[in-house]
Every structure is written in structure tokens, then in C-alpha cells.
Amino acid sequence: MSFKDQLDFIRQHLKKNKLRVFMTVLAATMGCAFLIVLASVGFGLHKTLTDEMLDTQLINEVQIYGKEDQSPVTADDQQKMREMENVNAVVSRSYLEGVTSITMDDRTGYGDVQLTNLEEEEKANLALSEGTMPTKPNEIVIGYHFAQNLLTEAEMNAQSDEEVSTGFTTSMIGKEISIELTPLNEENNEPKTWDFVVTGVAKAPSKDWMTDQRVLIDESYRTEFQLFTQPDVPVEESYISVYVYADGLQSVKGITESLKAEGYHVYSVTEEMETMDLFFTVLKAGLLFVGTIAVLISSIGIFNTMTMAVTERTREIGVMKAIGANPKLIQRLFLMESIWIGVIGTAIAVALSYAISYLANWLIPLIVMNIMEEDGMEDMGITISSIPWQLVVIASVISIGVAMVSGWRPARKATKIDVIQALRQEL
Amino acid sequence: MIHIQDVTHTFSIGKKGKEKRVPVLKNVSIDINKGEIVSIVGKSGSGKSTLLHVLAGFMKPESGSIKVLNQETAKLSESEHAEFRLNNFGFIFQNFQLMPGLTAFENIELPLKLKGVPKSERRVNVEALIQKVGLSAVADHYPNELSGGQQQRVSIARALVSNPPIILADEPTGSLDSETENEILILIQSLNKSLGITFVIITHDDEVANIAHRKYRLHDGALVNGGALHVV
């Protein structure tokens, strides 16, 4: 019997019991949709946290926060790191202590003053929204929001909780700013001022709620500043954070492992993601397991439908066997019928699940927002439910597999029907 | 063509553990030649239907040999027997055994579908046969829209459609009135003559049995006459 004839045969039989078939398909749909929607919550939360992590952290950054033998990370160590495979840049940053004020003309502000290697920062993807990278030691790059903190005295006095001044709003390029430092020891606290010229403004951070108030100064000032603010602390003992930048996320893991093997204490986004991935893999497996129970319950419907179909068609099966239908063909026809129910149920379930998922992602933040009386939740990019193609494949395999298994016994029963008994059945 | 040799079969009846063994076929031996109409007659319970079931492969005999077209069929597996039936046997049943959900046309083409014959070829064969058995006007009718005689014609057409060399008929006129019975018997005789098909007819009715070239009589599972040539 050709495959097309087999399909026609099945279609004819399914047409005979439309209501029963509809109810069975409905049960299969509900079971599969429950499985997908339930697991999609696990996938959604995983996606939200992963996106959040990747958005707020530099994904290709490996932070080195010391050595196992407690010795400081030296310039030689950094040079060796630069020579490692897939390393784009190695940046050493130190925070400038003892800053008492930052001024520009009649404006005063505050900032996150860092001493760094600006050439390496550029290689590590420091992008500018305006201006150029410094070429001289007294030239600096400022963060995107730094200018907002530079306020005149009048602006500072006028500021209240409701009204926040926007600070200096015109271009900062070419402006001269002065940084006043005060030594940290109590005996000598006479302040001193250094002047710098702004040549570049960094790009805005990826998220609206993040602010960048950095002031990036060339590291050549490190010794000078150190001798002024903390003359009793040797320069080589001051705390420097070292960051290694990989050429892509795929290289981060390898670099992290290599640095660990060389005795560095390191942290990278892959470390955190591995722990998170493990947690969510367990969570998703648990949700899939619970969802599969629903599919198994719905399979009882398929089993009943197929058993009834075999019982009702005993005489027809007997006639088919009598005129020469192979028992394997009979088994295949009934199995195909249960698979058909499984396939249709799964197809509807997938479409339904996407609709539910879309609705949940739109509606739940709105409801939560109304309850909490807060705005802006929709901008936070929270995904309640996510259905990747892998979930669709897993759910389809489970659902159609269960439909096959539940139709297998009735199909076997059909092949065992005794021709003589079947032909004796009343019409 | 068909060689049945010392076929014996016993049924177990009654409750489990207290079964009683009843012999239904006792050393039955029959030879049927190509192109013959052979009837097997006997009262109810004489074993004639069991003999047909054993010959068709619906059950295996306890002992004895059945050779059809030089093939020892008693030793075939269920699947092999199904294929053998599909290629070599046509069946006509007392209560027609048509598929209620299929039209007359679809019922007739069923064996061709099982054989995997392409649709266009099926259509040509079935249409020719429908004309031959006089069912052109009711080809798209369902079995419950046909008279008994028409249903049996559909059943005969279904048996003939794949050109089998042998047709096994179990009480082919048992559900029909005498007028229709005559029509069906004439049809069987004409098909036998024109197509040379071998018919094995199981019946309790002597009138039906008389169309056969040879007649065997079964009584309590044993043959009581040896199939003497019968003048039709």
C-alpha cells in the first residue's frame, strides 16, 4: 500500500469520529502546550539574567585580582599576558585617591578619576562619542555623564529633589579641567592642582540607568600622584587592578583557564555564567519533567481513542487481513493514526504556546507595574517566557514520542485480531 | 492446483482446565484442478467452514499438508500467508464483508491498494470490472445503500479485481433470495468459463453445490464421497 493511500485511509477513519478525534487532539494540545509554556518560564528567566549580565558587564573582560602567592602583578606579568593568544589588550587601572575637587572655569564637580594606559584602553574597545584619543600625557578622556556633574555655585544652590540641573551641556572637547589633590597623611595636607585638557568623551553606557563619570588620566602620572598623596607607600605596592581583554567571548574561557593555571586569581563573565547555566539547566530539566507528566496524562486520551478505534473496527481489520493485508501494515496504519493525533496536537500546541508566551511577556510586566505603581518595567527587558527552537524540538519529540508509545499497544492489538472471530462479528 | 492431504484439526471447547477436544476435520484429502468449480457441502458443524479457513490460512491445521500452486502454505508465517492470499486468493463471504465507510468502487479497489497498484491503473481495472458485474449505476454508493445482490456483486468484484487464480466462496448466496441467488450463481459460472478462475464454494445448499464440476460432502469432519465428477 503506497504511503499516500495509507494517509487517505487514516484520514477517512479520522473523519468518521470527528468529535472523539477533536477531543483527543485537544488533550494532546493542552499537554504539550503546558509543557512548553512551563519550560519557557525557565528559558525566559535564564535569558533575562544572561542578557542582563552581558549588558552590564564587558563580556570579553577577564579581571585579575591578585596572585596566589600574594605578590603584586608586575609590568612584566602584564607584558606576558599581552603576548598570550587571543588577548587584545591588558589594562592596568588604579583609582586616584585624595581628590578634593575637580573644577572647570566656574564649575565644580566630582568624578571617578582613574589612572590607566589609554592606548591599551583603546585596544580594549574604549569608544568615543566625541573627540579623539589623547596624544599627550596631560590630555584626558572623560565619561559620557561627567559634564552633568560640573555645576556652578548658583546651579548647586538651586538644585532640589524635584529639579536636577543638567550641568554643563555644551561640548567638553578642548576644555581645561583642574584636579586638586590633598595628601592623605595628616602632617602635610597642603593641596596641589594639576591641569588637564579634555580630548575625548566616552560613548554612552549600554543601559539608560547606568552612568559614566570616569576621568581617565594617563598612567604616567601614577608615580607623581603617589609620591604626593602617599609618599610613605612605595609605588610598586599601590593597588592596581589589571584587566585582560579577549578578542571575543569564545576566547574568554580559554584565557581564564590559562591565567588560573599560571597562578592568578581571576574573574570573568564565563565563570559566573557557568554557575548560572548549571542552575538553569537543572531548573529547566525539572520544569520539562513536570510538563512531561501533563503530556503523559494526555496520552491516556490517545490510548483510549486508539483502543476504541481498534475495538470498533475489529471486523474491518479482519476483512483486511482476510483479503491479504499484512499485519505489519495494520499496525503501521494504527500507529500512524496516533502519530497524526500527536503531530496535530503538537503543532497547535507550539502555535498556542508562542501566543501565550507573547501575551505573558506583555501582560505580566503591566500587571506587576500596576500593582507596584512603578513605571518603566517594560524598558528593563524582563522576559517572563522564552521559547527557543530547542524547546520546541524537545517538546515535539516528547509529545509525538508519547503519542507513538500510547498508540503502540492498540496497534499491536489490531494485528493480533483473529480473522475468523472478526468475520463472525455482526455488522 | 490445490492439494489437501490428510488434514486433521481439533477444537478445544469448554472452561479452561476442563476443555473438551472436538475433532472438526479428520484426515481430509482433496485435490482441485485449475479452472474447476468445486463445492464442499455439508450440514452445519460438518467442518466445511473450518476446511475453508485452513485452506485460506486463517488458521493452521493440526496435521496434514496443504499445497496451493506448489506452495506448502501450512508452513507459511502470518505475514507470508497474508501476501500469498493477496496474490492468489479472492474471497466471497456469506455476509459480503464490505467496508461500511467505503463506496462500492473503493471497496472493489481495496485489494489493488494493498498491492500498491498506482491510482490510474486501479481506476481502469475497477471501472472495467464494475461494468462486468453490472454495478456501474451504483459505483459511488455505500454498502448500506445497496441491495443484498448488489453487495454480493461488489464482493465478487473485489475478489476478482487482482486477478487471483483461485476464489474461495463461503456460502456466497446464503444471505440472498432465490432469484438473486440464481443471478450470482450464473455470474460465478460465467466468470469461471470466461476467465478460467478456480472456485471453491462452501455451501450447505445442494442447489448451489450443483453448479460445481465436482462436489465433496463432509460429515462430522470426514469426507463421505470422493469428489466424483458432476455433470453441470
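All chains are named by letter (A, B, ...) in the order of the sequence lines, taking the proteins before the strands, and each is independently numbered beginning at 1. Every heavy atom of this structure was used, including side-chain atoms; hydrogens, water molecules and symmetry mates were not. As the structure is a prediction and not an experimental result, all values here were calculated from the model.
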key: Options Gly116(B), Ser79(B), Gly90(B), ranked by heavy-atom pairs under 4.5 Å with chain A, top entry   = Ser79(B)

ask   = What part of Leu112(B) is in contact with chain A, defined as an atom under 4.5 angstrom from a non-hydrogen atom: side chain, backbone, both or neither?
value = neither

remark   = Most contact-rich option vs chain B, by heavy-atom pairs under 4.5 angstrom, among Val319(A), Ile420(A), Thr415(A), is Ile420(A)

task = Would you mind telling me which of Glu78(B), Met99(B), Glu80(B) has the largest number of heavy-atom pairs within less than 4.5 Å of chain A?
result = Met99(B)

Shortest non-hydrogen contact between Ile317(A) and Ala414(A), atoms and distance = CG2-O, 3.5 Å

inquiry  = If only side-chain N and O atoms count, and only distance matters, is there a donor-acceptor pair under 3.5 Å linking Gln97(B) with Ser155(B)?
reply    = no

ask   = Just wondering, more than 12 heavy atoms not from Met59(B) lying within 6.0 Å of its CE?
value = yes

Part of Gln94(B) within contact of chain A (heavy atom distance under 4.5 Å) = neither

key: Proximal component of Lys321(A), with respect to chain B [non-hydrogen, under 4.5 Å]   = both

note = Under 4.5 Å to a heavy atom of chain A? For Phe84(B) that would be neither

message = Heavy-atom count check: over 12 atoms from other residues, nucleotides or ligands less than 6.0 Å from Asn144(B) CG?
response = yes

key: Within 45° cone of Phe43(A) ring axis and under 6.0 Å: Lys284(A) NZ or CZ   = yes

task = Identify which part of Gln12(A) has an atom lying under 4.5 Å from any heavy atom of chain B, answering side chain, backbone, both or neither.
result = side chain

message = So for Leu329(A), is it side chain, backbone, both, or neither that comes closer than 4.5 Å to the heavy atoms of chain B?
response = side chain

task = Please assess Thr203(B) against Ser39(B) for the test side chain to side chain donor-acceptor pair (under 3.5 Å), listing each intermediate value before the final yes or no.
result = CA-CA 7 Å; Thr203(B) 181; Ser39(B) 62; over 6 Å; no

ask   = Under 3.5 Å, is there a donor-acceptor pair between the Asp8(A) and Gln6(A) side chains?
value = no

ask   = Is chain A contacted by the side chain of Phe91(B), its backbone, both, or neither, given a heavy-atom distance below 4.5 Å?
value = side chain

request  = Check Arg11(A), Arg313(A), Arg20(A) against Glu337(A) for a salt bridge (Lys or Arg N to Asp or Glu O under 4.0 Å) and give me the one that passes.
outcome  = Arg313(A)

Choice from Lys15(A), Met320(A), Lys4(A) maximising heavy atom contacts with chain B below 4.5 Å = Met320(A)

